[in-house]
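Order of listing sets the numbers, starting from 1, for every ligand and every atom in it. Quick caveat, the model's predicted, so the values are computed rather than measured.
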Amino acid sequence: MAAKESYDLVIIGSGPGGYVAAVRAAQLGLKTACVEKEARLGGVCLNVGCIPSKALLDSSEYFHLAQTKLAEHGVKTGRVSLDLAVMLARKDKVVDDLTQNVRKLLERNKIDIISGLGRVAGPDRVEVTTGKSKPQVIATRSILLATGSAPMEVPGLAFDGERMVSSSEALKFDSVPKKLGIVGGGYIGLELGSVWMRLGAQVTVIEMLPRIAANLDSQVGRRLDRLLRRQGMAFRLQTKVSKAVVSGKKVKATLESKGASETLSFDRLLVSVGRRPLTQGLGLEEVGVAMDANSGHVLVDTAYQTNVKGIYAIGDLVPGPMLAHKASAEGIAAVEGLAGRAGEVNYDTIPSVVYTWPEVASVGLTEDEIKERGIPYCVGNYPFAGAGRARCMGETDGFVKLIAHGKTDRLLGVHIIGPRAADMIAECVLAMEFGAGSEDIARTVHGHPTFAEALQEAAMAVRNCSIYAG
Ligand code: FAD
């Protein structure tokens with residue numbers, strides 16, 4: 001079949017990996033097209049991930065504050081009630097606005113947006129199918145795969161979109177479930193559990209491992225566990241959900257732990273045990289693109305090129321943390337390399353955030369990892385209770401933990417649980433990028449009163465010279 005048009009680069013997928021790569025490619029003078037199967041651009045992040053979840057986290061936090069916190073600030077509200085439809089509509093509007101902005105951004109950069117299901121027909125050809133019409137074939141010098149990921153299904157816990165759901169449906173329940181079961185204590189389960197708990201659901205998180213959010217520094221993870229339990233979230237650790245059956249408006253889940261089994265009944269069961277790379281139907285086997293046999297990730301070299309010359313891949317599709325900012329960074333680096341520039345991602349300084357309240361944010365190695373590697377280290381801890389700004393806000397839970405190399409003082413990792421941790425971590429990422437030591441942060445003047453002063457005090461505590469600790 002004759003190719004329709006010729007491009008320098010065709011990107012399949014318009015998530016934070018794909019659309020950011022497209023813009024950078026256009027800036028570098030590459031004639032670029034972006035293929036997207038969904039009506040709205042922006043991928044998982046904008047449509048059913050980062051953005052809608054944070055919109056609901058912010059709204060539900062206001063609801064919670066109005067009920068529990070405003071009175072102590074002398075603000076009288078009367079009876080607080082929930083209008084869930086308005087809350088969901090607001091979230092949808094945020095998503096709509098942002099996805100439209102992505103479309104305008106691509107149009108402004110003269111990137112062709114091609115609607116339809118993309119498939120690699122060869123290293124220089126992409127086939128796009130729309131509805132029942134014949135596939136359109138697009139010729140290109142290079143292909144960038146940015147098709148992202150989809151929720152992982154667990155045998156015995158198949159999604160029905162209504163009672164047994166993935167995170168996508170848990171962003172749009174039309175009523176607050178009385179009892180919400182969550183399979184998986186990772187960040188998605190904890191964030192969505194927080195939303196519905198604040199709105200009135202009784203939330204039980206069931207996790208196979210002995211701890212929630214297992215990737216976190218264990219000291220921080222233990223504090224998060226304690227604070228979420230205090231808010232009312234229940235945890236069943238070292239417990240597996242072996243099967244779940246929908247019966248009328250309930251889901252009956254069989255839990256197994258240490259040889260014992262029991263059945264719990266929920267109004268909805270959210271299964272959030274991870275995500276799998278989306279490679280199905282992309283034609284990768286046919287063109288011989290190598291994938292990891294276990295995880296299904298597309299394998300790439302340091303330039304994000306697969307084993308097939310001219311085919312590149314980024315984002316959730318390739319190994320590494322499944323995070324929007326990682327996908328975007330890879331998109332930029334891949335395209336810069338393709339355009340003959342030097343592009344690179346520093347995987348040692350990718351921040352990660354859990355948007356519970358308090359928030360949890362980290363960068364670099366955890367203390368557990370440092371111990372395992374036998375690296376000499378010093379730790380500085382500082383509680384938010386000692387920060388004036390946190391006192392003013394009435395949010396004193398949590399602490400900053402800063403870990404520096406025992407000999408060189410270079411920062412190895414920073415882990416924060418507390419108010420505005422998500423924003424505070426940026427300073428630590430920059431410090432690590434610049435190879436800073438704890439003393440650099442300790443001697444940097446921080447504004448007063450700010451949450452960041454807790455970071456400065458933690459940095460001072462590394463050398464036992466915190467002004468306020470002790
Ligand atoms: P995606 O965003 O998945 O985009 C892939 C795009 O490709 C999609 O639009 C898809 O429709 C399209 N596509 C797939 N196959 C084809 C095809 N054959 N043809 C055409 N188009 C195709 N990350 C964070 O960093 N911070 C957060 O706070 C955060 N919160 C999250 C909350 C939830 C509930 C979820 C589910 C995820 C969250 N994430 C968060 C993860 C983040 O959404 C992903 O890491 C990110 O979206 C990955 O970007 P991507 O570009 O690789 O792929």
Side-chain angles (χ1 to χ4, degrees), residues 10-22 33-58 91 95 99 102 113-121 126-130 135 138 143-152 165-172 182 184 186-195 270-284 297-298 304 313-332 334 350-356 359-361 422 425:
V10 171
I11 300 171
I12 308 183
S14 72
Y19 85 76
V20 169
C34 185
V35 181
E36 174 53 58
K37 66 181 171 61
E38 300 293 335
R40 287 200 306 207
L41 305 179
V44 167
C45 171
L46 265 67
N47 290 285
V48 287
C50 326
I51 295 300
S53 60
K54 266 83 256 178
L56 287 182
L57 277 156
D58 285 336
K91 176 249 321 174
V95 169
T99 53
V102 171
I113 302 164
I114 304 176
S115 295
L117 189 68
R119 186 178 158 275
V120 179
V126 172
E127 233 177 56
V128 183
T129 316
T130 321
I138 305 161
I143 298 169
L144 179 64
L145 306 170
T147 53
S149 63
M152 219 181 288
V165 300
S166 74
S167 55
S168 302
E169 291 79 31
L171 291 164
K172 55 182 185 192
I182 299 180
Y187 83 92
I188 293 179
L190 297 177
E191 289 183 3
L192 292 175
S194 294
V195 166
L270 161 62
V271 182
S272 55
V273 294
R275 299 178 63 82
R276 63 173 172 82
L278 206 54
T279 52
Q280 218 180 351
L282 260 183
L284 301 189
H297 284 115
V298 172
Y304 303 97
I314 53 161
D316 282 7
L317 200 56
V318 303
M322 287 185 165
L323 293 168
H325 42 281
K326 177 253 191 192
S328 301
E330 288 179 341
I332 291 172
I350 294 183
S352 65
V353 178
V354 186
Y355 290 84
T356 45
E359 293 172 342
V360 183
I425 204 69

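- Within the 4.0 Å heavy-atom criterion, neither part of L171 lies near ligand 1.
- Of the polar atoms of R275, none of the N or O atoms is found under 3.5 Å from an N or O of ligand 1, judged by distance alone.
- By the 4.5 Å heavy-atom criterion applied to side chains, V318 and E330 are counted as neighbours.
- Ligand 1 does not have Y19 within reach: every non-hydrogen atom of the residue lies 4.0 Å or more from it.
- The single protein non-hydrogen atom nearest to atom 38 (C) of ligand 1 is Y187 OH, 3.3 Å, given as residue, atom name and distance.
- Around atom 53 (O) of ligand 1, the closest heavy atom drawn from G118, S272, G148 belongs to G148.
- Residues V35 and V10 have side chains in contact (heavy-atom distance under 4.5 Å, counting atoms from C-beta outward).
- Protein heavy atom nearest atom 33 (C) of ligand 1, with residue, atom name and distance: G49 CA, 3.4 Å.
- For G116, the closest heavy-atom approach to ligand 1 falls below 4.0 Å.
- Shortest non-hydrogen contact noted between A21 and L144 is CB-CD2, 3.5 Å.
- In terms of N/O distances under 3.5 Å, ligand 1 is approached by C45.
- Protein heavy atom at the shortest distance from atom 21 (N) of ligand 1 is K37 N, 3.2 Å.
- Under 4.0 angstrom from ligand 1, the non-hydrogen atoms of S149 all belong to its backbone.
- At under 3.5 Å, a nitrogen or oxygen of H325, whether backbone or side chain, sits near a nitrogen or oxygen of ligand 1.
- Residues L46 and L41 fail the side-chain proximity criterion, which asks for heavy atoms closer than 4.5 Å.
- From the protein, the heavy atom lying nearest to atom 51 (O) of ligand 1 is G17 N, 2.8 Å.
- If you take CD1 on I113 and CD on E36, they are separated by 10.0 Å, rounding to the nearest 0.5 Å.
- In this structure, V48 and L171 have side chains that are in contact, with non-hydrogen atoms separated by less than 4.5 Å.
- The protein non-hydrogen atom at the shortest distance from atom 7 (O) of ligand 1 is G13 CA, 3.2 Å.
- Ligand 1 has a nitrogen or oxygen under 3.5 angstrom from a nitrogen or oxygen of L323.
- The two residues A334 and I314 have their closest heavy-atom pair at CB-CG2, 3.9 Å.
- Residue-to-ligand polar distances place A324 within reach of ligand 1: an N/O pair is separated by less than 3.5 Å.
- Of the N or O atoms in E38, none lie within a sub-3.5 Å distance of an N or O in ligand 1.
- With A327, P16, G15 as candidates, the residue nearest to atom 46 (C) of ligand 1 on a non-hydrogen basis is P16.
- No donor-acceptor pair under 3.5 Å is formed between the side chain of N47 and the backbone N or O of V95.
- Nearest to atom 11 (O) of ligand 1 among the protein's heavy atoms is E36 OE2, 2.7 Å.
- Nearest to atom 40 (C) of ligand 1 among the protein's heavy atoms is C50 SG, 3.2 Å.
- Looking at V44 next to ligand 1, an N or O pair under 3.5 Å apart turns up.
- Annotation: L317 places no N or O atom under 3.5 Å from an N or O atom of ligand 1; distance criterion only.
- Residue contacts with ligand 1: K54 is included, with a non-hydrogen atom under 4.0 Å away.
- Between P135 and R119, the closest side-chain pair of non-hydrogen atoms is not below 4.5 Å.
- Backbone and side-chain nitrogen or oxygen atoms of E191 are examined, and none is located within less than 3.5 angstrom of a nitrogen or oxygen of ligand 1.
- Here the side chain of K37 pairs no donor or acceptor atom with the backbone of S115 at under 3.5 angstrom.
- Here L56 contributes atom CG and L192 contributes atom CG; the two are 8.0 Å apart, rounded to the nearest 0.5 Å.
- Here atom 52 (O) of ligand 1 lies nearest to D316 when heavy atoms of L145, L41, D316 are compared.
- Checked against a 3.5 angstrom limit, the closest N/O atoms of Y355 and ligand 1 fall outside it.
- For the pair T147 and T279, the minimum side-chain heavy-atom distance is 4.5 Å or more.
- No hydrogens or angles considered: a donor-acceptor pair under 3.5 Å links the side chains of S166 and E169.
- Proximity of V48 to ligand 1 is established by a heavy-atom distance of less than 4.0 Å.
- With a 4.5 Å cut-off on side-chain heavy atoms, E191 and S53 count as touching.
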